[in-house]
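Contents: one structure, followed by commentary.
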Amino acid sequence: MPKLPKTFYRRSDVNQIAKDLLGKVLVTHKGGQITSGIIVETEAYKAPEDSASHAHNYRRTARTAVMFADGGVAYVYLIYGMYALFNVITNQKGQPHAVLIRALQPLDGLELMRRRRAVESGGKNGKLTQGPGVLSRALGITLADSGSDLMGSEIWIEDCGVGVTACEISESKRVGIRVPEPYRSVPWRYSIKTNPWVSHPKPER
DNA sequence: CACGGGATCGTCT
DNA sequence: GACGATCCCGTGT
């Protein structure tokens with residue numbers, strides 16, 4: 001299966017890219033082992049204007065520096081001290097757009113994914129890749145992967161020819177966002193309707 | 001099923 | 001020194 005080309009990531013419409021990523025396959029190759037899953041849920045983050053983005057107003061720190069790279073690299077950050085969330089950086093250099101991958105339908109390497117989950121979650125037993133924190137655990141993605149080139153040999157995204165049409169895409173508010181309107185409520189979360197692997201966030205506070 | 005709380009640490013003030 | 005783009009589990013109904 002072909003890796004998505006750089007041109008896919010370097011387009012300027014991050015919401016379109018977030019929708020286009022549905023149905024694509026996220027793959028990791030670590031320690032000689034492949035694990036992968038079909039992307040079923042994404043969210044778009046559009047700095048500088050998007051106040052929910054880490055790069056709001058071009059905010060640039062050691063952590064966010066990779067968001068300013070040319071599209072086609074990973075941005076991974078730690079949340080709540082325990083989860084490494086995986087994002088794809090899009091657009092051209094200096095335009096810090098990102099797509100958070102929120103859920104996968106497991107595809108290859110099920111055994112390894114289960115093993116990683118068992119180790120890292122203390123034997124806990126939720127779904128493998130339903131949610132941005134646990135999917136990283138299942139695929140072995142860590143903070144060390146931030147900045148990694150998606151054209152490289154450890155993490156990439158493939159087009160396996162599964163099409164997702166506009167009417168199969170559900171739009172909703174992003175999860176866990178507590179910034180002022182309008183960015184608190186923009187419908188920039190995209191998921192495949194009826195896919196059982198889409199996450200079920202808590203009601204917002 | 002709804003709700004509440006705890007885990008755990010890098011990042012920024 | 002506070003907090004977060006999460007997840008899991010215990011409790012009550």
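Values reported hereafter were calculated over all heavy atoms of this structure, with side chains retained and with hydrogens, waters and symmetry mates removed. Since we're looking at a predicted model, the values are computed, not measured. Within every chain, numbering begins at 1; the chains are lettered A, B, ... in the order of the sequence lines, protein sequences first and strands thereafter.
A/K30 has a carboxylate O that lies under 4.0 Å from a charged side-chain N of A/E154, or vice versa, which qualifies the two as a salt bridge. Taking a cutoff of 4.0 Å between a charged side-chain nitrogen and a carboxylate oxygen, A/D13 and A/K19 do not qualify as a salt bridge. Remark: A/K3 does not engage A/D159 in a salt bridge, criterion side-chain N to carboxylate O under 4.0 Å.
Listed nucleotides B/dG10, C/dA5, B/dC12 differ in distance to A/R63; the shortest reach to its side chain belongs to B/dC12. Checking C/dT6, B/dC9, B/dT11 against every side-chain atom of A/I79, the shortest atom distance belongs to C/dT6.
Using the Watson-Crick or G-U wobble rule with both distances under 3.5 Å, B/dG4 pairs with C/dC9.
The phosphate of C/dT6 has OP1 or OP2 within less than 4.0 Å of a side-chain N or O from A/R102. Dashed line: the shortest gap from a side-chain N or O of A/R59 to OP1 or OP2 of B/dT13 is under 4.0 Å. For A/R117 and C/dC8, the shortest distance from a side-chain N or O to OP1 or OP2 is below 4.0 Å.
At a threshold of 4.5 Å between non-hydrogen side-chain atoms, the residues A/N15 and A/K46 count as touching.
A/P132 comes within 4.0 angstrom of the backbone, heavy atoms only, and of no base. Residue A/L100 is in base contact, counting any heavy-atom pair closer than 4.0 Å across all strands shown.
For B/dA7, the base has no donor-acceptor partner in the side chain of A/Y80 [N/O atoms by modelled type, under 3.5 angstrom].
By the 5.5 Å and 30° criteria, A/Y45 is stacked with the base of C/dA5.
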